[in-house]
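Okay, so here's the structure we're looking at.
Lettering follows sequence order; numbering is per chain, from 1.
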Amino acid sequence: MGGPQESNEEDSVPELPEVETVVRQLAPCIEGRTVRRATLRARDLYRSGSLSLASVRASRVEGVERAGKAIVIRLGGGLPGVEMLVVHLGMTGRVVVPGATGGGMPVMEPAVAGSLPPFAGVAYGGRHRHGRIVFVGGPELWYVDPRRFGYLFVGPADGLRDRLHIGPDPFELTARAMSARLRGRKAPIKSLLLNQRVISGIGNIYADEILYHAGMHPLRSGASVERDTGILLRRARTVLRRAIQHRGTTLRDYRTPDGRRGSFQSCLLVYAREGERCRRCGARIRKIVVAGRGTHFCPGCQRAPRRARAR
DNA sequence: AGCTTCGCCTGCTTGC
DNA sequence: TGCAAGCAGGCGAAGC
């Protein structure tokens, strides 16, 4: 095999850094605003147990936060039980604030929204614009999701994270707490990093990057890295923090709400680099399948567990 | 209970 | 050129 492979780049999916970027841009746009009306076209985009999106009418946005990979919009002053609107972007979901002004952030005129590079091959609006929230005297918020892997949830704040299966993220965990979560687990560490109930916010791209920086082979069992949780957690935070500073990763189509590209792709050391040389040791980056997900690692820097060493 | 596999859904890429 | 199959991926459900 000569030279780097032209791999079929996936679009980057919204993980913790991308969602954090969205939250930071969205907050100044809608905080303090009151919802005039809200509609969701596709019923199947509701997470089970959700109230109708229309029920957020007359609620005021009290804050915009992130829980794992989910956007959490805290609401008040509306109907009883309407305390949270949660937007999970799945893999191709986006929030768009067309024509927003003030607050500084997502300034995207409708014309701009229409002319942005298509997302997963699809322009904004049209049949993929499933949700729409109109604020009193303020902007609109669109929910666009071509592949419909995302979800919305409207309901009470109580027990929200349990209900949505969102565990603590790497910034919320202590090394001790994370050790406890890995204890006795036989699943590969890669699978556990992707398991949002175990640790939230990490998806396929950052899982591979974090394991590379931690020098851990993706097939090592959770139990076997339990002692090295300190390193794993520190590396996770470093990678995620840097990615947030870069406004996330844009491999192809991902854009922040104000239409900019992320730039962390230039920092990726294993993901989407199959067949290329490791920048640290020169070995060729390999790609295997773990837990059904494409998994990239450096065979030089991430030594295989004994059981998997044969390959 | 823990772990793996499947299927959802759509658009792009690959292969015939 | 056109069409079908394959693939990607978060995550819940089903299966082991």
Q. Taking the side chain of A/His88 as heavy atoms from C-beta outward, which of C/dC11, C/dG12, C/dG9 is closest to it?
A. C/dC11

Q: Take atom CD1 of A/Ile202 and atom P of C/dG9, then tell me their distance rounded to the nearest Å.
A: 16 Å

Q. Do we get A/Arg47 above A/Tyr151's six-membered ring, with its NZ or CZ under 6.0 Å from the centre and within 45° of the axis?
A. yes

Q: Specify the separation, in whole Å, of atom CZ of A/Arg47 and atom P of C/dG10.
A: 15 Å

**Q.** Check ion pair A/Arg74-A/Glu83 (N to O, under 4.0 angstrom)
**A.** no

Q. Within this structure, what is the CG-to-P distance between A/Asn204 and C/dC7, rounded to whole angstrom?
A. 16 Å

Q.
Would you say that A/Arg163 contacts A/Pro156 through its side chain, given a criterion of any heavy-atom pair below 4.5 Å between the two side chains?
A. yes

Q.
Students often get this wrong, so: under 4.0 angstrom with heavy atoms, is A/Arg197 touching a base, only sugar-phosphate, or nothing?
A. nothing

Q: Give one of base, sugar-phosphate or nothing for A/Gly150, where a contact means two heavy atoms less than 4.0 Å apart.
A: nothing

Q. Short question: side chain of A/Glu31, backbone of A/Cys29 - any donor-acceptor pair under 3.5 Å?
A. no

Q: Determine: side-chain N/O of A/Gln196 to OP1/OP2 of C/dG10, distance under 4.0 Å, yes or no.
A: no

Q.
Angle between the end axes of the helix from B/dG2-C/dC16 to B/dC16-C/dG2, five pairs per end, to the nearest 10 degrees?
A. 60°

Q) Rounded to the nearest Å, what distance is computed from the CZ atom of residue A/Arg183 to the C1' atom of nucleotide B/dG2? A) 17 Å

Q) Do any pairs count as a side-chain hydrogen bond (donor to acceptor under 3.5 Å, both in side chains) and have a residue in residues 206-216 of chain A, sequence neighbours left out, and if so which ones? A) A/Glu18-A/Tyr206, A/Lys190-A/Asp208, A/Tyr206-A/Thr249, A/Asp208-A/His296

Q. For the pair made of CD1 in A/Ile199 and P in C/dG10, what is the distance, rounded to whole Å?
A. 15 Å

Q: Look only at the side chain of A/Arg284 and the backbone of A/Gly275, and say whether a donor-acceptor pair between them is shorter than 3.5 Å.
A: yes

Q) Do A/Glu172 and A/Arg161 sit within salt-bridge range, that is, some charged N less than 4.0 Å from a carboxylate O? A) yes

Q. Which nucleotides of nucleotides 4-9 of chain B have their base under 4.0 Å from a protein heavy atom (B), which only their sugar-phosphate (S), and which neither (-), written as one string 5' to 3'?
A. S---BB

Q. Could you state the NE2-P distance from A/His165 to B/dG2, rounded to the nearest angstrom?
A. 14 Å

Q: Respond yes when some side-chain nitrogen or oxygen of A/Lys287 is under 4.0 Å from OP1 or OP2 of C/dA8, and no when none is.
A: yes

(Q) Using whole Å, what does the distance between atom C1' of nucleotide C/dA8 and atom CD1 of A/Ile205 come to? (A) 11 Å

Q. Is A/Arg148 paired with A/Asp44 through a side-chain N to carboxylate O contact shorter than 4.0 Å?
A. yes

Q | A/Lys69/A/Glu15 salt bridge by N-O under 4.0 Å criterion | A | no

Q: Return no unless some side-chain N or O of A/His128 is found under 4.0 Å from OP1 or OP2 of B/dG11.
A: yes

Q. Between A/Asn195 (CG) and B/dG2 (P), how many Å, whole number?
A. 10 Å

